[in-house]
Number of protein chains: 2
Amino acid sequence: MAIQQNEPSPRIPLSRERVLRAAVALADERGIDELSMRKLGQQLGVEAMSLYNHVANKEDVLDGMVDFVVGEIDPPPTGTDWKTAVRERALSARRALLRHPWTSRVLESRTTPTPMVLEYFDSMIGLFRAGGFSIDLTHHAMHAMGSRLFGFTQELFDDSNNDLDPEAEALMLQTMATHYPYLGEMALAISHDENSVVGQGCDDQFEFEFALDLLLDGLERLRDRARISQ
Amino acid sequence: MAIQQNEPSPRIPLSRERVLRAAVALADERGIDELSMRKLGQQLGVEAMSLYNHVANKEDVLDGMVDFVVGEIDPPPTGTDWKTAVRERALSARRALLRHPWTSRVLESRTTPTPMVLEYFDSMIGLFRAGGFSIDLTHHAMHAMGSRLFGFTQELFDDSNNDLDPEAEALMLQTMATHYPYLGEMALAISHDENSVVGQGCDDQFEFEFALDLLLDGLERLRDRARISQ
DNA sequence: ACCTGAACACCGTTCAAGT
DNA sequence: ACCTGAACACCGTTCAAGT
């Protein structure tokens with residue numbers, strides 16, 4: 001005979017999973033600015049301090065929330081050409097972000113990408129590579145996909161807050177290559193000089209102009225086509 | 001005989017201008033997370049409460065900070081073709097945002113664009129129009145410039161938090177058209193049906209796919225060109 | 001092992017009181 | 001007209017204390 005209670009999910013024990021789910025739900029309903037550890041605890045019928053048994057701190061919660069959304073992105077379709085595969089993936093990502101509109105702002109505040117985010121990028125790189133793109137062009141393509149052309153290029157790997165020594169750096173690159181083969185391949189190709197670090201060797205100015213010119217050229221072509229057909 | 005003091009800018013009276021300058025400097029040096037009304041006051045040698053004589057609240061400060069950065073973007077060059085004009089403008093915007101890296105995150109949190117931001121968009125639209133782009137293609141071009149293709153389209157005018165009645169809406173569109181001619185032209189063209197509001201009539205899904213396909217087609221072209229030349 | 005109460009060092013903002 | 005001190009309702013987080 002189960003005892004009925006009005007409390008939200010009363011008997012289910014707290015867990016990281018449950019905390020993150022509640023955080024996503026709260027942000028979806030009330031906005032990310034309304035998310036606080038205290039309100040999150042309240043939502044789970046628990047004091048805020050209890051959350052720290054399942055989660056390191058609020059930053060950890062935010063990381064977990066991003067992972068939750070990234071986890072909702074469909075895996076790349078199989079048996080199609082690279083273009084529809086990349087296309088479907090980007091559209092699926094867009095749908096996930098539309099379901100959780102706070103994600104882009106939270107993403108912008110993250111300093112280091114989580115494994116899930118890296119996995120998403122890695123598989124996206126894999127699609128380009130499988131489509132016959134050179135490492136170099138794939139690299140530019142990835143930057144172009146993420147850039148905002150009103151003045152801002154999203155840096156995938158911000159190397160400015162990097163306090164690792166070269167050996168640790170090389171080791172990290174090594175282990176990364178085993179988990180994210182395409183990311184590793186690209187990182188290696190980009191930084192094959194002495195002081196090589198992941199993301200260094202990215203000429204962000206070049207990448208910005210690459211995406212910008214790709215768009216401008218495409219737009220010009222469309223304009224001229226419209227003129228001719230008139 | 002001026003009296004010397006070590007206090008930072010002691011005799012200069014407080015003003016909105018001075019508050020915003022200090023806010024930008026503080027965010028540049030210590031990061032946007034470190035910006036608080038209390039620290040901002042401290043930086044100006046004043047209690048936090050004094051700031052409220054020159055600024056409505058913290059949101060107002062953030063709006064002012066964005067305007068400060070947008071104000072640093074160079075005016076569009078004259079006497080050049082549309083492409084170099086748009087290009088120079090985008091590159092200038094990028095330089096401004098690189099000088100103040102917190103801007104993109106603050107921009108993302110703004111709900112309504114300030115007049116300065118509108119002016120920036122308006123003049124950008126003007127460049128496309130002067131370059132012979134149709135209103136329609138200009139509209140798509142503007143969306144494409146601002147979109148982030150990993151899943152997120154930046155909405156220039158988020159109409160979801162719009163509580164104006166149709167008459168007020170029409171009046172706003174009218175006054176907007178006088179201040180921002182190109183924006184007004186476009187808004188009018190987009191929403192020429194009954195329930196017309198600024199930004200409604202934007203098929204965001206279409207815009208996202210437009211930018212995405214423009215990039216994918218361009219990338220394909222580059223890949224094939226690289227293959228041939230090899 | 002997990003949850004709590006009290007406490008600490010912070011927030012943004014209001015308001016009556018000072019000059 | 002501008003600045004201030006005290007106060008309010010919030011934060012994230014620590015830690016000793018409870019079960």
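Residue numbering restarts at 1 for every chain, and letters A, B, ... go by the order of the sequence lines. Being a predicted model, the structure only gives us computed values, none of them experimental. Note: hydrogens, waters and symmetry copies are ignored here, and every other heavy atom, side chains too, is used.
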Considering every strand shown, what is the Watson-Crick or G-U wobble mate of D:dT19 when both distances are under 3.5 Å?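 Paired with D:dT19, as far as the under-3.5 Å criterion goes, is C:dA1.
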Complementary nucleotide for D:dA9 - Watson-Crick or wobble, under 3.5 Å: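 In the structure as shown, D:dA9 has no Watson-Crick or wobble partner.
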Rounded off to whole Å, could you give me the [atom1]-to-[atom2] distance for the [X] and [N] pair?
X     : N      : atom1 : atom2 : answer
B:Q42 : D:dC3  : CD    : P     : 17 Å
B:E47 : C:dT19 : CD    : P     : 15 Å
A:L51 : C:dG5  : CG    : P     : 14 Å
A:I32 : D:dC11 : CD1   : P     : 14 Å
A:E59 : D:dC11 : CD    : C1'   : 14 Å
B:L44 : D:dT4  : CG    : P     : 11 Å
A:M49 : D:dA16 : CE    : P     : 16 Å
A:K39 : D:dT13 : NZ    : C1'   : 17 Å

Students often get this wrong, so: under 4.0 angstrom with heavy atoms, is B:S50 touching a base, only sugar-phosphate, or nothing?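 Result for B:S50 = base.
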Ionic contact status for B:R105 with B:D33, cut-off 4.0 Å: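 Looking at B:D33 and B:R105, the cut-off is met.
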Could A:E59 and A:R110 be called an ion pair, given the rule that one side-chain N must be under 4.0 Å from one carboxylate O?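 Salt bridge between A:E59 and A:R110, a charged N being under 4.0 Å from a carboxylate O: yes.
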For the atom pair CD (A:E108) and CG (B:L107), what is the distance rounded to the nearest 0.5 Å?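 It is 9.0 Å, given to the nearest 0.5 Å.
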Position toward the 5' end of DNA chain D (nearest nucleotide), B:L14 or B:R38: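 This one resolves to B:L14.
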Does D:dC3 have its OP1 or OP2 closer than 4.0 Å to a side-chain nitrogen or oxygen of B:H54?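 For B:H54, the contact criterion (side-chain N or O under 4.0 Å from OP1 or OP2 of D:dC3) is met.
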Any donor-acceptor N/O pair, B:S92 side chain to B:D74 backbone, under 3.5 Å: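 The answer is yes, because a donor-acceptor pair under 3.5 Å joins these two groups.
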